Amino acid sequence: MTTNSELINSLIDGDEDIAALQPRLASDDSGMRRIALIDVADFGDENHLPVLIAALTDPAASVRAEAARLLAGWENDVVVDALALALLDTDADVRGASAQSLSELKTPQAGERLLPWAVHENIFVRAAALHALRELRLPAAAIPARDALAHPDASLRREAIGVLGWLKYREALPQLAQLATNDNEAEVRRAATGALGMADNDAVVQALLAALNDSVWTVREEAATTLGKLLPPQAAPALIAALSDHAWQVQLRAARALGRLGDIAALAPLIELLQHTLSNVRKEAALALGEVGSAEAIAALAIAAQDADPDVRKAARLAVTQITAHSDTRATS
């Protein structure tokens, strides 16, 4: 087979640690080469990076993928460039490992080298670059991300939404509201619904209320979650209706949001939710009743304090204490 022996020899000249690994690094056995790379990485020496980078061109995809994984965490410009180039590898595992390693970048300086890749013609490369840029919050990433919102590929739209959400890029709110309600892919609608939490204007709230009626429960759950962050008073009726959603995840998030809103209109449906078959939902209903703060809930909470689930019992007792303290405060004020 063809090896990178000559290149490896030039890289390890004078390095006793790497020289000892040369027979395995240059082995005809791809499994041995892969394990040898792990040993190289274990040294944790930046001077050994060329060995790992060189392995990104190894004939065996398993070795290339291992090299891509082992390069995670290095902020070296050469490493970032090499991993970005590996996004074009013919093997899906190599591309995936490279994308994952790039997503672990921590410094904006390293992320800046990914900006040109965020407009690459290859969809996977472009999406991977945006994914890696997301948490780095580089203002310059907003432009390629916003441009990608209209792309036909759903994965690219989703990654673009992530970038704009982390940046709190309000200029994109109209597009995000449109995606939250009208995109043909549920995951895109869900991501856009979450990103709308950066603002609470009327258009955003209306989009979230529409998303609360989405045909896919994960979108409805995200809408309830986001409304629970923004707490627009006009959302209370829709959230109360969501307590009857057929997906318990939506019910739970709606209960949490209503507790934070403290709307007395939610009292009766929240009390009813204390009878839910799932303990997680019963617990959330109890906590929400404590936040609503009405003494009318105490009798139902006293029953819930005898629930078979210890977390529900604890939540019910806490809610009663919270309501009692609230009533005492009002009585003395």
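Since we're looking at a predicted model, the values are computed, not measured.
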*asked:* According to salt bridge (Lys or Arg N to Asp or Glu O under 4.0 Å), does anything in residues 105-134 pair up with another residue at least two apart or in another chain? List the pairs.
replied: Asp77-Arg113, Asp81-Arg113
*asked:* Please say yes or no: joined through hydrophobic side-chain contacts below 4.5 Å, possibly via intermediate residues, are Ile264 and Ile271 part of one cluster?
replied: yes
*Within 6.0 angstrom of Glu272 CD, more than 12 heavy atoms from elsewhere*: no
*Just jot down the ring pair (Phe, Tyr, Trp, His ring centres under 6.0 Å) partners of His131, sequence neighbours excluded, or say none.*
none
*How far does CD of Gln249 sit from CG of Asn280, to the nearest 0.5 angstrom?*
10.0 Å
_Leu136 versus Gly111, closest heavy-atom pair with distance_ = CD1-CA, 3.5 Å
*asked:* Checking Asp39 now: which residues fulfil side chain to side chain donor-acceptor pair (under 3.5 Å) with it, not counting sequence neighbours?
replied: Arg24
_Minimum heavy-atom separation for Ala195 and Ile161, please, with both atom names._
CB-CG2, 3.8 Å
If you look only at distance, which donor and acceptor atoms sit under 3.5 Å apart when one is on a side chain in residues 297-311 and the other is two or more places apart or in another chain?
{"residue": "Asp307", "atom": "OD1", "partner": "Arg282", "partner atom": "NH2", "Å": "3.0"}
{"residue": "Asp307", "atom": "OD1", "partner": "Asp309", "partner atom": "N", "Å": "2.7"}
{"residue": "Asp307", "atom": "OD2", "partner": "Arg282", "partner atom": "NE", "Å": "2.8"}
{"residue": "Asp309", "atom": "OD1", "partner": "Asp311", "partner atom": "N", "Å": "2.8"}
{"residue": "Asp309", "atom": "OD1", "partner": "Val312", "partner atom": "N", "Å": "3.2"}
{"residue": "Asp309", "atom": "OD2", "partner": "Ser279", "partner atom": "OG", "Å": "3.4"}

*asked:* For Leu88, I'd like to know if atom CG has over 12 heavy atoms of other residues, nucleotides or ligands within 6.0 Å.
replied: yes
_For Glu296, all residues meeting salt bridge (Lys or Arg N to Asp or Glu O under 4.0 Å), sequence neighbours excluded_ = none
_I need the Glu159 CD to Ile123 CD1 distance, nearest 0.5 Å._
13.0 Å
*Supply the atom-to-atom distance Asp183 CG to Arg157 CZ, rounded to the nearest 0.5 angstrom.*
4.0 Å
*According to a 4.5 Å side-chain heavy-atom criterion applied to Ile, Leu, Val, Met, Phe, Trp and Tyr, with indirect links allowed, do Leu37 and Leu85 form part of one hydrophobic cluster?*
yes
_Residues clustered with Val219, ILVMFWY side-chain links under 4.5 angstrom_ = Val216
*Tell me whether Leu258 is reachable from Leu278 by hopping between hydrophobic residues (I, L, V, M, F, W, Y) whose side-chain heavy atoms are closer than 4.5 Å.*
yes
*Side-chain contact test, heavy atoms from C-beta onward, threshold under 4.5 Å: evaluate it for Arg146 versus Gln175 and give yes or no.*
yes
*Under a 4.5 Å side-chain heavy-atom rule over Ile, Leu, Val, Met, Phe, Trp and Tyr, are Val119 and Leu156 clustered together?*
no
*If you take all heavy atoms of Ala36 and Leu21, which pair is closest and at what distance?*
O-CD1, 4.0 Å
*What pair of heavy atoms forms the shortest contact from Leu133 to Ala118, and how long is it?*
CD1-CB, 4.0 Å
*With a 4.5 Å limit on heavy-atom distance, are the side chains of Val40 and Leu25 in contact?*
yes
*Each residue besides Trp217 in its hydrophobic cluster should be listed here, by chain and number; the cluster joins Ile, Leu, Val, Met, Phe, Trp and Tyr at side-chain heavy-atom distances under 4.5 Å.*
Val250
*Are Phe124 and Leu114 connected, step by step, through hydrophobic side chains (Ile, Leu, Val, Met, Phe, Trp, Tyr) whose heavy atoms are closer than 4.5 Å?*
yes
Cut-off 3.5 Å, no hydrogens considered: what does the side-chain donor-acceptor table look like for residues 199-213, sequence neighbours left out?
{"residue": "Asn201", "atom": "OD1", "partner": "Ala203", "partner atom": "N", "Å": "3.1"}
{"residue": "Asn201", "atom": "OD1", "partner": "Val204", "partner atom": "N", "Å": "2.8"}
{"residue": "Asn213", "atom": "ND2", "partner": "Leu209", "partner atom": "O", "Å": "3.4"}

*Side chains of Ser30 and Glu66: does their closest heavy-atom pair fall under 4.5 Å?*
no
*Taking all atoms of both residues into account, what is the closest heavy-atom pair of Ala82 and Leu56, and its distance?*
CB-CD1, 3.7 Å
*Could you give the distance from CZ (Arg317) to NZ (Lys314), rounded to the nearest 0.5 Å?*
8.5 Å
_Side-chain (Arg158) to main-chain (Val188) donor-acceptor, under 3.5 angstrom_ = no
*Does Glu135 have any side chain to side chain donor-acceptor pair (under 3.5 Å) partners at least two apart in sequence or in another chain, and if so, which?*
none
Considering only distance and modelled atom types, tabulate donor-acceptor pairs under 3.5 Å from the side chains of residues 223-243, sequence neighbours left out.
{"residue": "Thr225", "atom": "OG1", "partner": "Glu221", "partner atom": "O", "Å": "2.9"}
{"residue": "Thr226", "atom": "OG1", "partner": "Thr193", "partner atom": "O", "Å": "3.2"}
{"residue": "Thr226", "atom": "OG1", "partner": "Glu222", "partner atom": "O", "Å": "2.9"}

*asked:* With a 4.5 Å cut-off on side-chain heavy atoms, are Leu87 and Leu83 touching?
replied: no
_If you define the side chain from C-beta out and look only at heavy atoms, does anything of Leu105 sit under 4.5 Å from Val80?_
yes
*Apply side-chain hydrogen bond (donor to acceptor under 3.5 Å, both in side chains) to the pair Ser155 and Asp153, showing each step before the final yes or no.*
CA-CA 6 Å; Ser155 66; Asp153 186 81; 2.3 Å; yes
*Could you tell me whether a side-chain N or O of Arg34 sits under 3.5 Å from a main-chain N or O of Val63, the two making a donor and an acceptor?*
no
*In sequence, state the C-alpha distance, the side-chain angles, and the governing distance for Leu49 and Val78, and then conclude on side chain to side chain contact (heavy atoms under 4.5 Å, CB included).*
CA-CA 9 Å; Leu49 284 176; Val78 178; over 6 Å; no
Could you tabulate the donor-acceptor pairs under 3.5 Å formed by side-chain atoms of residues 162-173, not counting sequence neighbours?
{"residue": "Arg170", "atom": "NH2", "partner": "Met198", "partner atom": "O", "Å": "2.8"}

Report, one line per pair, each donor and acceptor closer than 3.5 Å where one atom sits in a side chain of residues 284-293; sequence neighbours left out.
{"residue": "Glu284", "atom": "OE1", "partner": "Arg256", "partner atom": "NH2", "Å": "2.9"}
{"residue": "Glu284", "atom": "OE2", "partner": "Arg256", "partner atom": "NE", "Å": "3.0"}

*Quick one: CG on Leu273 to CD on Gln275, what's the gap to the nearest 0.5 Å?*
9.5 Å
_Could you walk me through whether Arg64 and Asp91 satisfy the salt bridge (Lys or Arg N to Asp or Glu O under 4.0 Å) test, starting with their C-alpha distance in whole Å, then the side-chain angles of each, then the deciding distance to 0.1 Å, before giving a yes or no?_
CA-CA 9 Å; Arg64 300 197 302 275; Asp91 185 84; 5.4 Å; no
*Indicate the atoms forming the closest heavy-atom contact of Ser62 with Arg69, along with that distance.*
O-NH2, 4.4 Å
*Nearest 0.5 Å please: distance from the CD atom of Gln109 over to the CG atom of Leu138.*
8.5 Å
*Is there a side-chain contact between Asp45 and Ile18, using heavy atoms and a 4.5 Å cut-off?*
no
*May I ask you to decide if Val94's main-chain N or O and Ser98's side chain share a donor-acceptor pair within less than 3.5 Å?*
yes
_Working note: Arg220 + His246, criterion side chain to side chain contact (heavy atoms under 4.5 Å, CB included); need CA distance, chi angles, decisive distance, verdict._
CA-CA 11 Å; Arg220 300 196 302 275; His246 68 265; 3.2 Å; yes
